[in-house]
Amino acid sequence: MKDLISITDLTVEELQELIDKALDIIECPDKYAEKCKRKKLATLFFEPSTRTRLSFEAAMLELGGSVLGFSEANSSSAAKGESVADTARTVACYADIIAMRHPKEGAPLVAASAADIPVINAGDGGHNHPTQTLTDLLTIYREKGGFSNLKIGFCGDLKFGRTVHSLINAMCRYEGNEFVLISPEELRVPGYIRKDLLDRGGFKYVETDNWDLLPELDILYMTRVQRERFFNEADYLRLKDVFILTAEKLRSAKEDLCIMHPLPRVNEIERAVDDDPRACYFKQVLNGKYIRMALILKLLGIE
Ligand code: CP
């Protein structure tokens, strides 16, 4: 495997290898401090980011490598009309590995075809965000000890939420999982997720517009309603605060519920929830750095 474009580029065995590597990095960080000496990571971000870009950069720095790149399209020659393919081919002359975020679905795949170095999809439009999924999987593994027989609630914008699509895809590769999809009617998961993953895999799932099943969940994955993906501001304003997780609602939830969120958060989780021991979203942020360290090592072929 040269690139990571979709979570399905990794087999279940490779996912476990990455989890095991990340756990070893957490346990013995010194062992990895010089693994990427003289290697360079380019972060090409055509869309805003805090966690993904900075965790990639922190990951490479902690592996002893260096980083270069840009954090907005306007500070690159994309603003002058340069194509994604030409940008990737150019950057491949300066770096050993690329992490790319782009608003257009498929842009990282185009970059991967043009560049002769590994390209990692760091989020493409409403499509995929595989390294967030790796982050989520490491968090689930550390909190729940495995990936099977879990009842997972996804709440919020399930239509445009690329992290939701990638994580459902990943969790459908394990046995016995059940899904509760909580959203307004207009923000339900796309048809291909229902048909190709949930129906075809024979998974139990419920689509609902209320919190009634919260007490049954092992994991609750909250998401932001994404203003930038709406064509119409009025629709965004109508839907943005429909689902807000509060400390009061959590009284009915399991004691070992794992509350996740890819972040950034806007209003969908009340601040008081942050102090609840079940809130795992800032642990997720830290896990993101470790799993990206493991991924960089794998794609660069470094043991
Ligand atoms: N989770 C995530 O992708 O966050 P950023 O947009 O800040 O990178």
Side-chain angles (χ1 to χ4, degrees), residues 4-7 18 22 41-62 67 69-76 97-108 111 119-140 142-143 152 154-171 219-230 236 240 245 258-269 273-274 279-296:
L4 180 66
I5 303 300
S6 157
I7 196 67
L18 286 172
L41 164 78
T43 50
L44 312 184
F45 275 60
F46 296 82
E47 241 194 4
S49 166
T50 297
R51 277 148 293 275
T52 311
R53 185 171 66 83
L54 296 182
S55 65
F56 263 118
E57 296 188 357
M60 191 49 145
L61 293 173
E62 290 199 18
V67 295
F70 52 82
S71 56
E72 52 176 334
N74 281 342
S75 62
S76 78
I97 184 165
I98 290 173
M100 174 184 281
R101 172 170 289 187
H102 202 286
K104 282 202 183 134
E105 281 101 0
V119 173
I120 302 170
N121 179 3
D124 60 333
H127 192 218
N128 269 313
H129 192 350
T131 63
Q132 180 63 47
T133 309
L134 292 175
T135 299
D136 299 340
L137 290 175
L138 179 57
T139 306
I140 292 171
R142 295 185 80 188
E143 299 300 319
I152 311 160
F154 288 89
C155 178
D157 179 354
L158 311 188
K159 179 179 180 184
F160 297 113
R162 59 193 174 197
T163 61
V164 171
H165 306 161
S166 288
L167 186 56
I168 292 178
N169 203 329
M171 294 309 283
I219 294 169
L220 173 61
Y221 195 94
M222 294 295 298
T223 61
R224 170 178 70 98
V225 175
Q226 301 181 60
R227 180 179 226 145
E228 65 274 27
R229 313 265 178 238
F230 276 79
Y236 168 72
K240 72 184 176 72
L245 183 66
C258 170
I259 306 166
M260 299 172 68
H261 191 311
L263 303 180
R265 152 181 59 184
V266 185
N267 284 330
E268 59 280 0
I269 300 181
V273 174
D274 298 0
C280 294
Y281 29 93
F282 286 105
K283 290 185 193 172
Q284 246 173 299
V285 173
L286 186 56
N287 286 333
K289 180 185 70 173
Y290 295 122
I291 200 76
R292 290 181 174 104
M293 289 171 79
L295 179 65
I296 290 169

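Order of listing sets the numbers, starting from 1, for every ligand and every atom in it.
Annotation: side chain to side chain donor-acceptor pair (under 3.5 Å) contacts of T131 (sequence neighbours excluded): R292. Scored by the side chain to side chain donor-acceptor pair (under 3.5 Å) test, T139 finds N287 as partners (sequence neighbours excluded). Residues passing the side chain to side chain donor-acceptor pair (under 3.5 Å) test with S71, sequence neighbours excluded: none.
Side-chain atoms of T135 do not come within 3.5 Å of backbone N or O of Q284 as any donor-acceptor pair. At least one donor-acceptor pair under 3.5 Å links the side chain of R101 to the backbone N or O of P48.
Using a 4.0 Å heavy-atom criterion, the residues that approach ligand 1 are S49, T50, R51, T52, R101, H129, Q132, P262, L263.
When every heavy atom of H165 is checked against every heavy atom of L158, the shortest pair comes out as NE2-O, 2.9 Å.
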